[in-house]
Amino acid sequence: MRLLLKFNLIFLVVFVAGVLGAGKVSHDLLQSNAKQEVLNHARLTMEKAIAVRAYTNDQIRPLLETQMKYTFLPQTVPAYSATEVLATLSKTFPDYTYKEATLNPTNPRDRAVDWEADIVNRFRTQADQKEFIGERESGTGRALYIARPLRITNAACLACHSTVEAAPRTVIDKYGPANGFGWQMNEVIGAQVVSVPMTVPLARAEQTFRVFMTSLVAIFVAIGIVLNLMLYLLVIRPVSALAKVANRVSLGEADVPEFATGGRDEIGTLAKSFARMRNSLDQAIKMIDT
């Protein structure tokens, strides 16, 4: 087997092992990073909702208190404002959805479905948990979600949600007396939930992975080509030429020209050693002849 073929077989084994190892590590890392990036965007969406809630409660609601005595305006409710603003935002960024899932909501659209109710009950039983991250099966495939508890910490909320008798008449006229009552101070009544399809982080990770692996393979191929050229020019070609000279000398050809090399590397040292050996052999033959 020729030296160049042996070298390329070894290089191919190293290449395959390197690509497989790098592919495994990079794929897992990219998947994890992409998931974390999506979670960071989900947290940003959550913070936007919290900011809208605070703005509505602190600045919008006081301006409309007089009008609220005659007509209930849902725009003064922090949960309503946050849901509306992020619903508008989702028209531009449809991958992210926001919901204030509530076990006993005033507005029916906020009622928690089964998996959301499980999250709310988790927060109710684990009072110290501030955030929960999970995955679930949805109608469009696997989905990633982040949830935070909705807890009654402002006594003003109980003015509309404690009992039917204590609630403003305008609220009952708007939503009826069946839902949204019986809330208590410091009770977890729901959860803020931001959901995003898993296809989003997976697609980002796969795209980056393909670019990385293509670049890695291209680099390996380029290195292989350069190493083959170096091996051929610096080792194989001079060794082959030296071998031809040695073969002609071994057959008794006296007019074989000297192998010319000016290098000081191992090939040059080998050529000089061969030249000395040839001179010694010539002198020995001359001595025998005389």
Side-chain angles (χ1 to χ4, degrees), residues 41-113 115-117 119-124 127-132 145-196:
H41 285 299
R43 288 190 177 96
L44 180 60
T45 302
M46 190 81 73
E47 293 300 328
K48 290 177 182 177
I50 294 173
V52 172
R53 288 173 62 92
Y55 173 77
T56 302
N57 189 66
D58 297 339
Q59 300 189 42
I60 301 300
R61 189 181 183 89
L63 296 176
L64 300 175
E65 283 185 350
T66 301
Q67 189 174 350
M68 285 280 288
K69 296 178 181 178
Y70 307 100
T71 305
F72 179 74
L73 300 174
Q75 291 79 8
T76 62
V77 180
Y80 180 90
S81 296
T83 302
E84 288 294 312
V85 168
L86 292 184
T88 302
L89 186 64
S90 67
K91 294 178 181 178
T92 306
F93 301 96
D95 291 327
Y96 292 84
T97 60
Y98 173 80
K99 181 178 179 182
E100 300 205 0
T102 309
L103 296 180
N104 182 22
T106 301
N107 192 332
R109 75 174 180 181
D110 297 329
R111 186 172 300 279
V113 296
W115 69 273
E116 294 169 338
I119 296 174
V120 177
N121 289 323
R122 182 188 183 98
F123 286 132
R124 289 166 72 95
D128 58 336
Q129 188 165 14
K130 305 300 181 183
E131 185 178 89
F132 180 68
Y145 65 86
I146 180 172
R148 293 180 182 176
L150 284 172
R151 190 185 303 273
I152 301 299
T153 57
N154 188 349
C157 295
L158 298 180
C160 296
H161 298 286
S162 58
T163 62
V164 177
E165 292 74 19
R169 175 53 55 185
T170 53
V171 175
I172 298 176
D173 292 341
K174 179 72 174 180
Y175 294 107
N179 300 299
F181 301 103
W183 296 6
Q184 299 180 11
M185 195 65 180
N186 295 320
E187 178 187 19
V188 175
I189 51 90
Q192 294 174 287
V193 182
V194 177
S195 299
V196 58

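Predicted, not measured: the structure shown is a model, and the values here were computed from it. Computed from heavy atoms alone, side chains included, the values below leave out hydrogens, waters and symmetry copies.
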- prompt: Taking side chain as C-beta onward, heavy atoms only, is Ile119 less than 4.5 Å from Tyr145?
  reply: yes

query: Atom OG in Ser81, atom OH in Tyr55: separation rounded to 0.5 Å?
result: 9.5 Å

- prompt: Considering only heavy atoms from C-beta outward, does the side chain of Gln129 approach that of Val188 to under 4.5 Å?
  reply: no

query: What orientation do Phe123 and Phe132 show, parallel under 30°, tilted 30 to 60°, or perpendicular over 60°?
result: perpendicular

- prompt: Would you say Met68 and Leu73 make side-chain contact, with heavy atoms under 4.5 Å?
  reply: yes

- request: May I ask you to test the Gln75-Ile60 pair for a side-chain heavy-atom distance under 4.5 Å?
  value: no

query: Looking only at heavy atoms, which two atoms of Asn154 and Met185 are closest? And how far apart?
result: N-CE, 3.9 Å

field: Flag, side chain of Arg61 to backbone of Thr56, donor-acceptor distance under 3.5 Å
entry: no

Euclidean distance, Ile152 CD1 relative to Asn186 CG, rounded to 0.5 Å: 9.0 Å

- prompt: Rounded to the nearest 0.5 Å, how far does CD of Glu131 lie from CD of Gln192?
  reply: 10.5 Å

query: Is there a donor-acceptor contact under 3.5 Å from the side chain of Lys48 to the main chain of Ala82?
result: no

- request: Kindly say whether Val113 contributes a backbone atom to a donor-acceptor pair with the side chain of Glu116 at under 3.5 angstrom?
  value: yes

message: If we check side chain to side chain contact (heavy atoms under 4.5 Å, CB included) with Thr102, which of these qualifies: Val120, Asn179, Asp110, Asn107?
response: Asp110

query: Do any N or O atoms from the side chain of Asn104 and from the backbone of Phe181 form a donor-acceptor pair under 3.5 angstrom?
result: yes

message: To the nearest 0.5 Å, what is the distance between CE on Met46 and CG on Leu86?
response: 10.0 Å

- request: Assess whether side-chain contact (heavy atoms from CB on, under 4.5 Å) is satisfied between Tyr80 and Thr106, documenting all intermediate values.
  value: CA-CA 10 Å; Tyr80 180 90; Thr106 301; over 6 Å; no

field: From CA spacing to verdict: side-chain contact (heavy atoms from CB on, under 4.5 Å), His161, Ile189
entry: CA-CA 11 Å; His161 298 286; Ile189 51 90; over 6 Å; no

field: Interatomic distance, Asn121 atom CG to Leu103 atom CG [nearest 0.5 angstrom]
entry: 5.5 Å

query: Which distance, rounded to the nearest 0.5 Å, do you find between the CZ of Arg151 and the CZ of Arg124?
result: 10.0 Å

message: Are the side chains of Trp115 and Val193 in contact, using a 4.5 Å heavy-atom criterion?
response: yes

Could you list the donor-acceptor pairs under 3.5 angstrom formed by side chains in residues 166-177, with sequence neighbours left out?
none

query: Any side-chain heavy-atom pair from Thr76 and Gln67 closer than 4.5 angstrom?
result: no

